[in-house]
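For reference, the structure is listed below as structure tokens.
Keep in mind that the numbers below use all heavy atoms, side chains included, and drop hydrogens, waters and symmetry copies. So you know, we letter chains A, B, ... as the sequences are listed, proteins then strands, and number each from 1.
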Amino acid sequence: MISAITASTTNIFSQYTQNEGIFRDKKFLSSSFIPQSILHREQEIQQITAVLAPILKGYSPNNVFIYGTCGTGKTICTRFVLNQLAEISKNKITTIYVNCKMKKVADTEYRLFSQMLKELNEFVPDTGLPTDVLYRRFFAKIEERKTHVIIVLDEIDALLKKVGDEFLYNLTRINSELSKSHISIIGITNDLSCRDHLDSRVKSSLSEEEIMFKPYNALQLRDILSSRAKMGFRENTLADGALSKCAALAAQEHGDARRALDLLRVAGEIAERLGENTVQETHVDMAEHKINIDRLTEAVRSQPKQSQAVLYSAIVLDRRNKSQKKWADSRMLTGDLYDNYKALCEKNGLQALTQRRVSDLISELDMLGIISAKIISKGRHGRTREITLEMTENTLEKVEKLLVERFE
DNA sequence: AGTCCACAGGAAGGGCAGGCGA
DNA sequence: TCGCCTGCCCTTCCTGTGGACT
């Protein structure tokens, strides 16, 4: 029996290695790959370059705020320009890149400075030091460099929402205390209203320059995909319709190039797994479906147990409402959900949280796009949130299966 | 116009785990 | 070892809110 299994797996592996496959090199289909030239972003690249160019003559560049929705090339263009700048200046410039949305990495002031120090090869403990000690170490490290330091704060809105703008004020003030070095800040955000929430003193010092990235249209996305596909796929392995479909689907989602690349790569993986020689439109459909399911199930899986309990209560309530009201009305309110959640906790021996805390968990699930919670007023019957599940039936089944194992 | 409901959500602070330095 | 600092998760207390009802 064992030898039979071994023989079959050996067969699969040898088939896999013998088959040339669809991909030439998958890294070219990754959104983090920075190509030699970036299509349809010439103007934006020029704008970033113009802001940073004074560095080459020894002047301090202005701080800059870059806006644009997801996948419009803000990060890649910034990194592209910084790479070029580093090359021309013969690495006399220090760049620090931090993604402020990364949970447990840079989602608090302490973690941001800890992460920036890490980029400067100074390691500090995850917790335990007073913040001003981190500030001092950061100043010292910057001063030690005796160069221009460009700090790129990607998804800066996430951090601003969480900890306020005090850290930005402190960062912009550093220059007055430095004598041998200089700091410039590039803030990248997809929240267009982000700037409006800044304190006026921060606003004036940070938003000296502003650059806006418009979404790509389907034709532009097609160009981008086509150039990446030439590098990423072997010849004649990609049907023309598949490429157009990826571009069209991503264009529908506010011109998101990252999404287009993901679709193309996953479609290729699906085709390869099915033993096909070319990627077809059907594979793109399957990829879209897979990406949606994977994104949501992964988000649910990584939630703490209490959040999962809240979500499971919502699913149970949704199922009950649908069966009782015969699909007519599956809306649920915060109060109903909380009662259901408390019952679930009791059944599972879980300490129930207060309604205040559950209200925050509902907001977090809403932010993740797993549920939708809309505030409504029921007049004399108070104000509450109307909650609906934001999942297709297939995804819901997968998520439910995952949660049933934990709570039933 | 005033009242009332059922929350939303801000602010403050408690408790815990963990690191640092005297 | 102890005091002080941090982040994180949570509770308690409080004010604000929109629209139906009186």
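Checked for salt-bridge contact, A:D262 and A:R265 meet the test: a charged N lies under 4.0 Å from a carboxylate O.
Rounding to whole angstrom units, CD of residue A:Q115 and P of C:dG7 are separated by 15 Å. A straight line from CD of A:Q355 to C1' of B:dC5 spans 13 Å, rounded to a whole angstrom. We find that CZ of A:R357 is positioned 18 Å from P of C:dC13, with the value rounded to whole Å. A:Y110 places its OH atom 7 Å from the C1' atom of B:dG19, with the value rounded to the nearest Å. For A:E386 and C:dG18, the CD to P distance is 17 Å, given to the nearest whole Å. Atom P of nucleotide C:dT6 and atom CZ of A:F113 are separated by 14 Å, given to the nearest angstrom. Taking atom NZ of A:K378 as the reference point, atom P of B:dA8 lies 13 Å away to the nearest angstrom. Per the geometry, CD1 belonging to A:I376 stands 13 Å off C1' belonging to B:dC5, to the nearest Å.
Near-neighbour residues of DNA chain C inside residues 335-344 of chain A, defined by a heavy atom below 4.0 Å, are absent. Residues from residues 306-316 of chain A lying near DNA chain B, meaning a heavy-atom separation below 4.0 Å, are absent.
No side-chain N or O of A:S32 forms a donor-acceptor pair with one of A:R79 less than 3.5 Å apart.
Set against C:dT11, B:dG9, C:dG19, the side chain of A:T354 has C:dT11 as its closest nucleotide. In the set B:dG9, B:dC7, B:dC4, B:dG9 carries the atom at the smallest distance from any side-chain atom of A:S363. Here the nucleotide nearest the side chain of A:I375, chosen from C:dC10, B:dA8, B:dA11, is B:dA8.
Residues A:F213 and A:Y67 keep their aromatic ring centres 6.0 Å or farther apart.
Contact annotation: A:T334 side-chain N/O to B:dA8 OP1/OP2 distance is under 4.0 Å. The side chain of A:R385 places an N or O atom within less than 4.0 Å of a non-bridging phosphate oxygen (OP1 or OP2) of B:dG9.
Between the side chain of A:R383 and the base of C:dT17, a donor-acceptor pair under 3.5 Å is found. One can find a donor-acceptor pair under 3.5 Å joining the base of C:dG18 and the side-chain atoms of A:S377.
Sorted by first then second residue, the salt bridge (charged side-chain N to carboxylate O under 4.0 Å, His left out) pairs that include residues 371-383 of chain A, not counting sequence neighbours, number zero.
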Only distances under 3.5 Å count here; give the side-chain donor-acceptor pairs of residues 43-57 of chain A to other protein atoms, sequence neighbours excluded, each with its distance to 0.1 Å.
| unit_1 | atom_1 | unit_2 | atom_2 | d |
| --- | --- | --- | --- | --- |
| A:T49 | OG1 | A:I45 | O | 2.6 |

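Just one of A:L337, A:I376, A:D336, A:I375 meets the side-chain contact (heavy atoms from CB on, under 4.5 Å) condition when paired with A:T384; it is A:I376.
The environment of A:K398 atom NZ is sparse: at most 12 non-hydrogen atoms of other residues, nucleotides or ligands sit within 6.0 angstrom.
For the salt bridge (Lys or Arg N to Asp or Glu O under 4.0 Å) test, residues two or more places apart in sequence or in another chain that qualify with A:K245 are A:D285.
Fit an axis to the five pairs at each end of the helix from B:dA1-C:dT22 to B:dA22-C:dT1 and the two axes sit 30° apart, to the nearest 10 degrees.
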